[in-house]
Each structure stands twice: as structure tokens, then as C-alpha cells.
Number of protein chains: 2
Amino acid sequence: MLDVDARLKRFIERCKKLGLKITPQRLAIYEALLKAGNHPTAEEIYEEVKKKHPYISIATVYRALETFEELGLVKKVFFSKNSAHYDVNTDEHHHIICTRCGKVEDLNVDVSLNVPREVNGFSVLGYSVNFQGLCPNCKSA
Amino acid sequence: MLDVDARLKRFIERCKKLGLKITPQRLAIYEALLKAGNHPTAEEIYEEVKKKHPYISIATVYRALETFEELGLVKKVFFSKNSAHYDVNTDEHHHIICTRCGKVEDLNVDVSLNVPREVNGFSVLGYSVNFQGLCPNCKSA
DNA sequence: CTAATTGCAAACAGTTTGCCTCTTG
DNA sequence: CAAGAGGCAAACTGTTTGCAATTAG
């Protein structure tokens, strides 16, 4: 896994190649995403970016995230609750979700499934495994 | 897997045992859920139930679904898009989701994972596998 | 300079809540 | 008859959109 600076550079390259403008907002949003480590919601990214760009609008965050998704730079994931989370980790990996508080963490356990090409008439493109459990905090309670 | 009538009877028993009132609305909602087969959203259940109970309110549907979830009769699942789906299939099973149109189907492929008891400090309670793919319809397009 | 992008506010969709009325047990 | 459940409308939350002003290339 590359470090934040290297990934930011790649991001800039990627944008140039595709004719997308490199705006301070986009950079800040992507950087926030990289630094978050976890799987922030749009709201969380917004709060983070606002520290440096107090005038940014939440609409800009949503639009940037949508763009990034189209570029394949982030994955929109739905774990629980009613808001989408955004994941910059493009490596194959899975998640564990706390059924009590909703906390999500990456998991690197190796789950090599026999993925069929076809199932129920669907052509299979990929898969993800979500483990449910109780996080350390919620275990105590 | 039991048939609809048997499961409705169980449902009634369950409610009685817990002191919950058995109302026509709850019955209709649970029945709609059983008959749906797929993983309807609250809205879809509402539309279905409205055929027999035109005066039902969507709030009733949401409240009933929440109650059922607490009873362990349905599972609230988040696949994609911004609405929750409800799954009455309590057997261990997995899903395939069309990345294009959002269609969801049950999957009975055997994915026996080595589930660790503990991971990242979480105690693991279960897991679910979501396959992503293209449904027959979207494949053609 | 021009097309893309932003900010703002208004619009939306899904879901929840308050309150009063009705119904089940 | 009392506690619980339902109906309605208003409130809320997360997300999207239209439009005029701004900015990157």
C-alpha cells in the first residue's frame, strides 16, 4: 500500500489524463479520504475538509465522491444505518461491522472463495464478505 | 423451509408469547414479506399491503418491520441504493446484487468460510457474502 | 476565454415521530 | 376498559439538483 503523498500524485495524474480539473476541493476531499483510514461517510469527510476549507459545500463533497467512484478511486459501500460509506482501499479486502454501534473495520483474513462465473443467471464480477460482530467497546457493555 | 401458512402460525404464536397484539396490519405485512420471496423495501411492502388494506399508513409498515426485526423475524439488509431491504429468510444464505439495476437474489452456493471467533478485537457473530454482478436483463443492455 | 466546477438553496426520498383516535385482549 | 397499535401530517436525515458565480487549464 502506497503512502498518502504517492497516492495523491497518482490521483492528480489520473485527473489530468481524464481532463478533470484539479481543484483544491477535490484534493482536500481525496486527501481526507486517504487519511481517514476507516470508511467515512460524506458527512464525516465534509466535517474534516471544512477545517481547511470552511466555505466548502456538502454538495461539492457528494459530487466529488461520485466522480471518484466513476474513476474507480473509491468504492461506495453500504453496511448498515442509512448512509453510504466510502472506501479508498482498492485492494481486495473485507469488513467487520459491529452490530451494535455500526463501527466498521478492514479485515485482511484470507477468504478465497470459489467464485463461480455464473450464478442464478447473473455473471459474477466480484464479492465481498461482511462479518458481523461486537467491537471491543460494545462487548464490555 | 416452511410454507407461508405454517410461518404465519408461528408468527402468531410468537406475538402471543411476547404480549404483542395481533392486528390485521401486522399480519398483512408479515404475509407480504413471506410471499414476496425477494427482499422488498418498506415501500414495496406498503404497496402490496395497500391492495387489501387501502387505508394503511407507511408509518405502520415501518413500525411493524422494526418490531419484527426485534423479534428476529426479519433481517434489515443494506445492499446498495439508499433504502433498506427486509429479508424473512432466516436460514444462512447469501446474496447476489446487480451492480447496474440493484436487483437482489438469494444464493445457495455453499461458501463455508473459516470463521475466526475473534478478529481485530471483535467477537465474530456471523458473516454474509455479497456477490456483485450483472443480472440477465442488464447483461443484454 | 471557455468549459468545468463550486456554493447556495431548494427539492427530494426514505424514515421517524407526536399526537390523537381506534382496537385488541 | 386499559395498554398497545394505527393513521395522519409534520419533522428529520441523507442525498441530489438547478442555477448563477467562480476558477482551472
Side-chain angles (χ1 to χ4, degrees), chain A residues 8 11-30 32 39-50 52-71 73-86 102 104, chain B residues 11-33 39-50 52-71 73-74 76-86 102 104:
Chain A
L8 272 173
F11 167 69
I12 293 173
E13 287 316 307
R14 194 74 186 272
C15 288
K16 278 188 183 161
K17 193 163 292 177
L18 292 161
L20 289 174
K21 290 186 176 172
I22 298 156
T23 65
Q25 292 91 332
R26 282 184 176 158
L27 277 173
I29 292 164
Y30 192 65
H39 309 76
T41 61
E43 196 66 36
E44 287 162 349
I45 296 164
Y46 174 59
E47 288 307 327
E48 182 57 33
V49 172
K50 223 167 33 173
K52 292 214 171 174
H53 300 262
Y55 298 129
I56 200 172
S57 145
I58 185 95
T60 301
V61 175
Y62 277 107
R63 282 191 275 232
L65 290 170
E66 198 190 339
T67 306
F68 297 171
E69 206 195 353
E70 282 159 13
L71 302 187
L73 292 168
V74 304
K75 236 174 123 181
K76 198 174 180 180
V77 281
F78 300 82
F79 296 119
S80 65
K81 308 291 154 73
N82 299 320
S83 49
H85 294 245
Y86 294 85
V104 181
Chain B
F11 167 67
I12 292 172
E13 287 317 307
R14 194 74 187 269
C15 288
K16 279 188 185 161
K17 194 162 291 176
L18 292 161
L20 289 174
K21 291 186 177 170
I22 298 156
T23 65
Q25 291 90 334
R26 282 184 177 159
L27 278 172
I29 292 164
Y30 192 65
E31 194 179 349
L33 221 23
H39 309 77
T41 60
E43 194 67 34
E44 287 163 349
I45 296 164
Y46 174 60
E47 289 306 327
E48 182 56 33
V49 173
K50 222 167 34 173
K52 293 214 171 175
H53 301 261
Y55 299 128
I56 201 171
S57 144
I58 185 98
T60 301
V61 176
Y62 277 106
R63 282 192 272 233
L65 290 170
E66 199 190 338
T67 306
F68 298 171
E69 206 195 353
E70 282 159 12
L71 301 188
L73 291 168
V74 304
K76 198 173 180 182
V77 281
F78 299 83
F79 297 119
S80 65
K81 308 290 152 79
N82 301 320
S83 49
H85 294 245
Y86 295 84
V104 181

Between [N] ([atom2]) and [X] ([atom1]): distance, integer Å:
{"X": "A/E66", "N": "C/dT5", "atom1": "CD", "atom2": "P", "value": "12 Å"}
{"X": "B/H85", "N": "C/dA13", "atom1": "NE2", "atom2": "C1'", "value": "14 Å"}
{"X": "B/Y86", "N": "C/dG14", "atom1": "OH", "atom2": "P", "value": "12 Å"}
{"X": "B/Y46", "N": "C/dT15", "atom1": "OH", "atom2": "C1'", "value": "14 Å"}
{"X": "B/I29", "N": "D/dA5", "atom1": "CD1", "atom2": "C1'", "value": "11 Å"}
{"X": "A/L18", "N": "C/dT5", "atom1": "CG", "atom2": "C1'", "value": "16 Å"}

What pairs of nitrogen or oxygen atoms, one from the protein and one from nucleotides 21-25 of chain C, lie under 3.5 Å apart?
unit_1: C/dT24; atom_1: O2; unit_2: B/K21; atom_2: NZ; d: 2.9
unit_1: C/dG25; atom_1: OP1; unit_2: B/I22; atom_2: N; d: 3.2

Side-chain donor-acceptor pairs under 3.5 Å in residues 14-22 of chain B, sequence neighbours left out?
unit_1: B/R14; atom_1: NH1; unit_2: B/L71; atom_2: O; d: 3.4
unit_1: B/R14; atom_1: NH2; unit_2: B/L71; atom_2: O; d: 2.9

Fill in: pair A/L73-A/T67: side-chain heavy atoms closer than 4.5 Å
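A side-chain contact under 4.5 Å is absent here.
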Worksheet item: Is there a side-chain contact between A/T60 and A/T23, using heavy atoms and a 4.5 Å cut-off?
Response: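 Contact flag for A/T60/A/T23 side chains = no.
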Name all residues meeting the side chain to side chain contact (heavy atoms under 4.5 Å, CB included) criterion together with [X]; count only those two or more places apart in sequence or in a different chain, and write none if there are none.
{"X": "A/A42", "result": "A/V61, A/Y62, A/L65, A/Y86"}
{"X": "A/E47", "result": "A/E43, A/K50"}
{"X": "B/F78", "result": "A/F78, A/S80, A/N82, B/K76, B/A84"}

Worksheet item: With respect to the phosphate group of D/dT16, does any side-chain polar atom (N or O) of A/Y62 fall under 4.0 Å of OP1 or OP2?
Response: no
Give me, pair by pair, the N or O atoms of the protein and of nucleotides 7-10 of chain D that are less than 3.5 Å apart, along with how far apart they are.
unit_1: D/dG7; atom_1: OP1; unit_2: B/Q25; atom_2: NE2; d: 3.3
unit_1: D/dG7; atom_1: OP2; unit_2: B/S57; atom_2: N; d: 3.3
unit_1: D/dG7; atom_1: OP2; unit_2: B/T60; atom_2: OG1; d: 2.7
unit_1: D/dG7; atom_1: N7; unit_2: B/R63; atom_2: NH2; d: 3.2
unit_1: D/dG7; atom_1: O6; unit_2: B/R63; atom_2: NH2; d: 3.0
unit_1: D/dC8; atom_1: OP2; unit_2: B/Y55; atom_2: O; d: 3.4
unit_1: D/dC8; atom_1: N4; unit_2: B/R63; atom_2: NH2; d: 3.4

Fill in: Pairing residues for B/F11 by the ring-ring contact (aromatic ring centres under 6.0 Å, His included) criterion, not counting sequence neighbours
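ring-ring contact (aromatic ring centres under 6.0 Å, His included) list for B/F11, sorted by chain: B/Y30, B/F68.
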Response to the item:
Sequence neighbours excluded, the answer for ring-ring contact (aromatic ring centres under 6.0 Å, His included) partners of B/F79 is B/H39, B/H85, B/H95
Practice prompt. Go through the structure and list residues passing salt bridge (charged side-chain N to carboxylate O under 4.0 Å, His left out) with B/E44, not counting sequence neighbours.
Written response: none
Worksheet item: Who pairs with B/E48 by side chain to side chain donor-acceptor pair (under 3.5 Å), at least two apart in sequence or on another chain?
Response: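 Side chain to side chain donor-acceptor pair (under 3.5 Å) list for B/E48, sorted by chain: B/K51.
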Worksheet item: Angle, rounded to 10°, between the helical axes spanning five pairs at each terminus of the helix from C/dC1-D/dG25 to C/dG25-D/dC1?
Response: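 End axes: 40° apart.
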